[in-house]
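Remarks on the structure that follows.
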2 protein chains.
Amino acid sequence: MVERLSVGPASVSELAKPLPMTLSAVIQHLKVLEEARLVRSEKVGRVRTCTLEIGTMIQVERWIAERKRFWERRYDQLEAYLAQTASEEKGR
Amino acid sequence: MVERLSVGPASVSELAKPLPMTLSAVIQHLKVLEEARLVRSEKVGRVRTCTLEIGTMIQVERWIAERKRFWERRYDQLEAYLAQTASEEKGR
DNA sequence: TCAATACTTAAGTGAATGCTACAGCATCAA
DNA sequence: TTGATGCTGTAGCATTCACTTAAGTATTGA
């Protein structure tokens with residue numbers, strides 16, 4: 001759904017069409033995305049049009065960047081640990 | 001548990017002692033770890049001693065390295081997309 | 001021999017997840 | 001004004017998860 005919305009705004013049923021689930025389920029997903037401020041939506045007549053919240057996406061981007069740094073540190077630690085353990089194994 | 005085992009082999013109850021759950025739960029976790037070949041264990045008398053499977057850890061390490069590369073590509077794509085979208089927004 | 005220790009197994013529990021089914025309610029077009 | 005369309009809300013269901021409880025078995029030390 002986020003991928004579809006990254007192409008441009010879409011109505012609820014446009015979002016639901018390619019998905020193997022009911023409209024109800026899609027609305028429930030959308031509710032979560034709106035609560036998380038990843039999606040904004042506006043209802044005109046009977047059609048609700050949804051768009052990606054670029055601002056939040058950028059926050060997500062920053063969050064990911066931090067996690068990535070954290071992850072790389074952890075990864076280097078694991079590498080160091082395995083290298084150490086491997087040499088200990090050899091030493092016996 | 002994996003962290004504890006990275007220090008060295010341990011019995012089931014040694015692994016369970018610091019954890020806020022029953023021995024039963026720990027055994028169930030261990031079963032999963034053994035099925036995943038992350039842990040090897042051997043029973044001598046009534047004590048089962050568990051060790052980390054370094055070989056599998058190294059495979060995990062490689063898998064992580066690949067995911068990391070994949071993730072970085074996706075991340076760069078997201079960055080590019082957001083940059084593009086931001087400039088389009090400005091253009092209006 | 002018998003109690004303590006170390007583990008094992010099966011069955012059940014409670015919360016969360018991701019749905020569907022169904023009964024609506026506006027809105028729009030004819 | 002009526003039927004179709006687009007969406008909404010609620011109830012219920014199946015599954016999964018991460019446990020606990022309880023009832024074992026096997027081993028060990030005194």
Side-chain angles (χ1 to χ4, degrees), chain A residues 1-57 59-61 63-64 66-67 70-71 74-75 77-78, chain B residues 1-57 59-61 63-64 67-68 70-71 74-75 78 85:
Chain A
M1 284 171 56
V2 170
E3 219 156 282
R4 167 61 190 81
L5 286 174
S6 76
V7 177
S11 72
V12 174
S13 28
E14 274 168 3
L15 288 173
K17 203 174 288 169
L19 301 174
M21 56 175 114
T22 60
L23 197 58
S24 256
V26 170
I27 287 165
Q28 286 169 39
H29 277 271
L30 276 173
K31 205 181 284 177
V32 173
L33 290 173
E34 271 202 77
E35 276 164 15
R37 306 202 176 262
L38 284 166
V39 166
R40 198 180 342 119
S41 79
E42 204 191 352
K43 193 159 183 174
V44 177
R46 29 177 199 179
V47 179
R48 177 174 298 280
T49 302
C50 307
T51 45
L52 259 197
E53 278 257 16
I54 298 302
T56 309
M57 285 300 284
Q59 285 176 36
V60 171
E61 183 196 15
W63 184 86
I64 288 169
E66 276 164 35
R67 290 305 106 182
F70 170 76
W71 175 252
R74 296 279 291 179
Y75 174 76
Q77 281 167 23
L78 175 63
Chain B
M1 284 170 56
V2 171
E3 220 157 280
R4 167 61 189 82
L5 287 174
S6 77
V7 176
S11 72
V12 174
S13 29
E14 274 168 3
L15 288 172
K17 203 175 290 171
L19 300 174
M21 56 174 114
T22 60
L23 196 59
S24 257
V26 170
I27 287 164
Q28 286 168 40
H29 277 271
L30 276 172
K31 204 181 284 176
V32 173
L33 290 173
E34 271 203 79
E35 276 165 16
R37 305 201 177 263
L38 284 166
V39 167
R40 198 180 341 119
S41 79
E42 204 192 351
K43 194 161 183 172
V44 176
R46 38 182 189 177
V47 178
R48 176 175 299 280
T49 301
C50 308
T51 44
L52 259 197
E53 278 257 16
I54 299 301
T56 309
M57 285 300 283
Q59 285 176 36
V60 170
E61 182 195 15
W63 185 87
I64 288 169
R67 289 306 104 181
K68 204 180 85 172
F70 171 77
W71 175 252
R74 296 278 292 179
Y75 175 78
L78 175 63
T85 312

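All values derive from a computational prediction rather than experimental measurement. Per chain, numbering begins at 1; letters A, B, ... match sequence-line order.
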Are [X] and [Y] side-chain neighbours, meaning at least one heavy-atom pair lies under 4.5 Å?
X     : Y     : result
B:I27 : B:V12 : yes
A:L38 : A:V2  : no
A:R37 : A:Q59 : no

State, to 0.1 Å, how close [X] and [Y] come at their nearest heavy-atom pair, and which atoms those are.
X     : Y     : answer
B:A10 : B:L5  : N-CD2, 3.9 Å
A:L15 : A:M1  : CD2-O, 4.1 Å
A:C50 : A:V39 : CB-CG1, 4.0 Å
B:L23 : B:A16 : CD1-CB, 3.6 Å

* Nearest-nucleotide 5' precedence on DNA chain C, A:H29 against B:I27 -> B:I27
* Asked: Which letters describe nucleotides 23-30 of chain D, given B = protein heavy atom under 4.0 Å from base, S = only from sugar-phosphate, - = neither?
  -> ----BS--
* Mind running a 4.0 Å heavy-atom check of residues 12-23 of chain B against DNA chain C and sending the residues that fall below it, in number order? => B:V12, B:S13, B:L23
Close N/O contacts between protein and nucleotides 10-13 of chain D (under 3.5 Å):
none

* Where at least one partner belongs to residues 8-24 of chain B, residue pairs that pass side chain to side chain donor-acceptor pair (under 3.5 Å), sequence neighbours excluded -> none
* Listed partners of B:R40 passing salt bridge (Lys or Arg N to Asp or Glu O under 4.0 Å), at least two apart -> B:E53
* To do: With sequence neighbours left out, write down each residue that passes side-chain hydrogen bond (donor to acceptor under 3.5 Å, both in side chains) with A:E34, or none if nothing qualifies.
  => A:S41
* Asked: Given D:dG6, is OP1 or OP2 found less than 4.0 Å from the side-chain N or O atoms of A:K43?
  -> no
